[in-house]
Amino acid sequence: MNGPPAQAWLNTLLTLLQDGQLALLRLWHVLHLSGDAHGQPAWPWARRIAGETLLIDLGLARQVAWSLAAISVALACLAVASIWRGKRLTWLAAAALTLILAPWPSPALLFTPAAPTSFHRSPTRFSTDSIAHGARLYAQHCTACHGEDGRGEGPLAAGLLRWPPTFVGPLLGRRADGDLFWHIANGMRDSDGRQTMPAFSRKLDDADTWAVIEYTKALAAGTAASTFGTWPIPMRLFDVTVRCGQDGGRAMADWRGHQRVRVVAFEGDAGGLPLEDPRFLTLLLTRDGKPLVNVPQFRAGCVAASPLAWDAYARIAGIAPNRLAGTEFLADRGGWLRARSLPGRDAWGTADLLCSTGQVNKDRGPTSPGTDGLTSLLLRMDAEPVRFVQGGFIH
Ligand code: HEC
């Protein structure tokens with residue numbers, strides 16, 4: 001999993017730099033100094049701050065932090081100089097000295113090439129529809145090189161200039177979505193300018209490209225879950241219309257981040273229905289996406305109102321759809337999917353945690369003896385919150 005290092009100052013710095021760049025992007029767009037690219041405001045510069053480098057190079061990150069502090073001090077000195085006329089020269093000198101003494105970072109390290117779409121966000125909200133659409137496109141356009149399971153071992157792979165990377169690792173989670181978008185739309189080249197990955201902008205429109213990006217993430221999660229028993233990148237609960245009792249339905253995306261959710265793939269007779277638990281909302285997946293009928297004990301329960309949800313969850317569980325019944329998933333309060341329990345297992349335990357950040361806050365960890373497996377798991381999820389990093393920046 002790609003949690004950032006625990007330093008709070010580094011998290012603050014990365015958030016500040018990301019927000020600063022987004023603010024500049026918006027300002028340029030509002031002032032009509034930059035246009036649109038692929039339906040969203042375009043990043044007008046050829047470079048951006050290399051958040052991914054700052055994340056691993058603490059020395060560089062410290063230089064950036066001190067330089068930002070120096071700029072603030074210099075600005076404060078200028079402000080004083082403008083008011084305090086008698087000592088203006090002294091304050092101007094202080095501002096200049098602060099800037100001269102600042103440990104300016106090397107621009108070559110601080111900046112990295114950017115694309116007009118580098119800061120674009122996926123509009124598809126990781127929905128079950130986009131995953132299903134992306135699956136079809138992936139099978140048609142990408143499997144030959146990237147392989148059915150996303151490990152980069154498709155039939156054409158060995159004959160290529162460069163071996164396709166495996167998606168079954170942190171790659172897709174670390175890269176900004178907007179950079180992935182650009183690479184798929186325009187292809188990639190090696191340092192000699194030779195094409196390594198083909199461009200797809202003529203075959204895939206913008207919505208197709210976003211859908212295939214989301215599908216590759218679900219695919220990567222499923223392959224990693226079945227091979228290593230982990231999810232290499234954090235995934236949100238899929239967006240799908242959820243119907244609870246008689247209500248008209250609402251989007252799961254609007255619920256993400258408010259409460260824990262347990263997702264249960266349910267098939268068979270009502271006797272096998274899971275008991276409600278006050279610690280989370282229970283969401284049932286049914287094969288046809290229809291609510292349960294004549295089941296009094298689940299009358300007010302929530303059901304994913306799309307048959308596509310079943311396949312999407314089977315994909316990230318890394319098991320075939322016809323074997324999904326009985327599988328359960330747990331999402332934390334932030335809306336991140338964290339754990340999977342396979343059919344036939346009678347109790348949850350911390351071993352079911354597939355998305356772990358490895359940054360347990362020991363003071364809050366599950367230590368008391370006698371705690372049951374599910375409680376330990378929930379405590380561990382709370383003690384290890386996901387801080388999602390993409391392009392080096394926290395989202
Ligand atoms: C002809 C083979 C081929 C096909 C077809 C292909 N790729 Fe690739 N892909 C590659 C190679 C090779 C690389 C590594 C390129 C490099 O690093 O220079 C790559 C890299 C990538 C990356 C990594 C991008 C990054 O930022 O590092 C992604 C994502 C990707 N491909 C997605 C796709 C998707 C989605 C499709 C289908 C729409 C697809 N590819 C089709 C060969 C292919």
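Counting starts at 1 for both ligands and their atoms, following the listed order. In what follows, every heavy atom counts, from backbone to side chain, and hydrogens, waters and symmetry copies are set aside.
- Judged purely by distance below 3.5 Å, without hydrogens or angles, the side chains of Ser130 and Ser127 pair a donor atom with an acceptor atom.
- In terms of protein heavy-atom proximity, atom 22 (C) of ligand 1 is nearest to Phe167 CE2, 4.0 Å.
- Here the CD1-CE distance, from Ile131 to Met235, works out to 9.0 Å after rounding to the nearest 0.5 Å.
- One N or O on the side chain of Gln40 and one on the backbone of Arg121 form a donor-acceptor pair closer than 3.5 Å.
- Neighbours of atom 8 (Fe) of ligand 1 restricted to protein N, O or S atoms under 2.8 Å: the count is 2.
- We find that Asp382 and Arg260 are joined by a salt bridge, their nearest charged nitrogen and carboxylate oxygen being less than 4.0 Å apart.
- Side-chain heavy atoms closer than 4.5 Å link hydrophobic residues (I, L, V, M, F, W, Y) into clusters, and following such links, possibly through other members, connects Phe238 to Val261.
- The shortest heavy-atom distance from Val212 to ligand 1 is under 4.0 Å.
- Between Arg175 and ligand 1, a contact under 3.5 Å exists for at least one N or O pair.
- Distance from atom 17 (O) of ligand 1 to its nearest protein heavy atom, with residue and atom name: Arg162 NH1, 3.3 Å.
- In Thr196, the parts holding a heavy atom less than 4.0 Å from any atom of ligand 1 are both the side chain and the backbone.
- No donor-acceptor distance shorter than 3.5 angstrom exists from the side chain of Thr143 to the backbone of Glu148, with no hydrogens or angles considered.
- Arg26 and Asp19 are not joined by a salt bridge, as no carboxylate oxygen comes within less than 4.0 angstrom of a charged side-chain nitrogen.
- What you find for Leu156 and Cys145 is that their closest heavy atoms are CB-SG, 4.0 Å.
- Close approach of ligand 1 to Pro165 (heavy-atom distance below 4.0 Å) involves ligand atoms 13 (C), 14 (C), 19 (C), 20 (C).
- Atoms of ligand 1 found under 4.0 Å from any heavy atom of Leu180 (numbered from 1 in listed order, with element): 26 (O), 29 (C).
- Rounding to the nearest 0.5 Å gives a distance of 8.5 Å between CZ of Arg380 and CZ of Arg338.
- Shortest contact from atom 5 (C) of ligand 1 to any protein heavy atom: His141 O, 3.3 Å.
- Across all non-hydrogen atoms, the minimal contact from Gly335 to Ala331 is C-CB, 4.4 Å.
- Here Tyr138 has no heavy atoms under 4.0 Å from ligand 1, in either its backbone or its side chain.
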